[in-house]
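Down below is the structure, laid out as structure tokens.
For the numbers below, each heavy atom of this structure counts, side chains included, while hydrogens, waters and symmetry mates do not. Model, not experiment: these values are computed from the prediction. Start at 1 with the first residue, then count along the sequence.
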Amino acid sequence: SQLFAAAPGKATPIALRDRQADLARRIAEALKEIQDHEQSALEARVQGSLPGVRRTRVLSVVTAVLACFLVIGSFFLIESDVSERERVEGTVRREKEFSQALIRSSMDGILAYDREFRVTLWNPGMESLTGISQEEILGRRAFDALPFLREAGADQTMAAALGGKSVVATDEPYAIARTGKNGYFEASYSSLRGASGEIIGGLGIIRDVTERKRAEGKFRDLLEAAPDAMGIADQENRIVLANAQAERLFGYTKKELIGQTVEMLLPESSRDSHARHAATYFALPHTRRMGTGLELLGRRKDGTIFPAEI
């Protein structure tokens, strides 16, 4: 009874039950055989058949030894399975602790929610961003606690994650009424799946980009205040930013300039050579005056050609 009973406070592995039942059956059969032979021995003694008694007792001893081996075997089998279970549980526990440590130490806000949009995970990054503690928000609907999510359209992106999609939202405004904090955030949302692959909720990673947006705003203000036409191009030589002076000088709106190559602002005769020079510059970029010793020309939207210093 001590061998097969579950230890106090410790669950018996379900995987062992069939084996234990089989061993118990075999031990019970062996013990029954002992009892049967002992009964035969008793009857033989009464009838005076001593040689038969000796044979019966030898058989009883062998059967008893067999039963002992079965008991010992079952003990080692159970100990082996319990050790394996403890090893697996230890591995799972360490992986869980590591994941929790990553979530706690992340500078970004991390939240998880179920299919009813109730918050199930809220890390310190989210507490820092919103000023709302984990105890206050767990179990509540995200939109009730953070109305700005719905205002920013995050309800649609979070719902898309529940549909199996991965969605990214950039430069979304936020305002926390209780703390007066406001700014901008970017977020990525993805699905959370259960053990069998079904979607059980969503995961959001939120990053506060307020300082970056403010820095970009200051840069744009400086660019707009410049007395000369100014623009920025990427490594594919496409315009990504242009100020108001560039609009006035070339006759294009910013919308028309953004995404176009710089060569559209040059005479056709200079476009191919400029593209080659630009590729050389990006291979080894440094601040310099363009076209030293050469006459550089620009081309307006209406086709007018004019001399320029770049």
Side-chain angles (χ1 to χ4, degrees), residues 99-113 117 119-138 140-161 165-190 202-247 253-255 257-259 282 285-287:
S99 298
Q100 290 175 339
L102 285 178
I103 291 171
R104 287 194 302 270
S105 61
S106 173
M107 297 294 291
D108 294 331
I110 300 177
L111 69 92
Y113 53 93
F117 299 101
V119 177
T120 58
L121 173 68
W122 190 262
N123 80 330
M126 287 301 298
E127 293 183 348
S128 176
L129 175 65
T130 64
I132 299 175
S133 69
Q134 176 179 273
E135 291 74 15
E136 293 177 278
I137 199 168
L138 286 182
R140 297 179 60 189
R141 283 173 55 86
F143 309 128
D144 294 339
L146 303 171
F148 73 82
L149 289 175
R150 194 185 300 276
E151 295 167 3
D155 55 337
Q156 298 178 8
T157 52
M158 292 172 72
K165 297 180 180 179
S166 294
V167 187
V168 176
T170 58
D171 298 343
E172 299 289 354
Y174 75 83
I176 312 296
R178 59 178 289 180
T179 63
K181 187 176 181 179
N182 61 78
Y184 294 87
F185 73 93
E186 61 183 20
S188 60
Y189 300 95
S190 56
L203 179 71
I205 300 177
I206 316 294
R207 174 172 294 179
D208 191 332
V209 295
T210 304
E211 292 304 317
R212 190 199 73 194
K213 288 285 292 182
R214 288 173 178 167
E216 288 177 355
K218 290 180 180 178
F219 178 75
R220 289 177 185 274
D221 290 342
L222 289 172
L223 196 67
E224 290 297 330
D228 297 320
M230 296 183 67
I232 296 176
D234 60 18
Q235 290 196 4
E236 295 180 354
N237 213 28
R238 294 188 177 277
I239 300 169
V240 296
L241 197 62
N243 68 353
Q245 292 291 352
E247 288 183 295
T253 65
K254 291 180 182 178
K255 187 175 181 180
L257 289 171
I258 301 303
F282 281 122
H286 58 284
T287 303

Got a second to check how far [X]'s [atom1] is from [Y]'s [atom2], nearest 0.5 Å?
| X | Y | atom1 | atom2 | result |
| --- | --- | --- | --- | --- |
| Glu136 | Thr130 | CD | OG1 | 8.5 Å |
| Met230 | Gln245 | CE | CD | 11.0 Å |
| Ile258 | Thr253 | CD1 | OG1 | 9.0 Å |
| Ile137 | Leu146 | CD1 | CG | 4.5 Å |

- Item | Beyond-backbone contact of Arg220 with Leu241, side-chain heavy atoms, under 4.5 angstrom | yes

- Query: For the ring pair (Phe, Tyr, Trp, His ring centres under 6.0 Å) test, which of Phe185, Phe143, Tyr184 pairs with Phe148?
  - Reply: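 Between Phe148 and the candidates, ring pair (Phe, Tyr, Trp, His ring centres under 6.0 Å) is satisfied uniquely by Phe185.
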
Test your reading of the model: is there a side-chain donor-acceptor pair from [X] to the backbone of [Y], 3.5 Å cut-off?
| X | Y | answer |
| --- | --- | --- |
| Asn243 | Leu222 | no |
| Glu127 | Gln134 | yes |
| Glu247 | Lys254 | yes |
| Tyr174 | Leu129 | no |
| Asp108 | Ile205 | no |
| Gln156 | Gly153 | no |

- Message: side-chain hydrogen bond (donor to acceptor under 3.5 Å, both in side chains), that's the test. Do Asp208 and Thr210 meet it? Break it down for me.
- Response: CA-CA 6 Å; Asp208 191 332; Thr210 304; 2.5 Å; yes

- Counting only heavy atoms not in Lys165, do more than 12 fall under 6.0 Å of its NZ? no

- Task: Output yes when Glu216 and Arg212 qualify as a salt bridge under the 4.0 Å nitrogen-oxygen rule, no when they do not.
- Result: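 Salt bridge: yes.
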
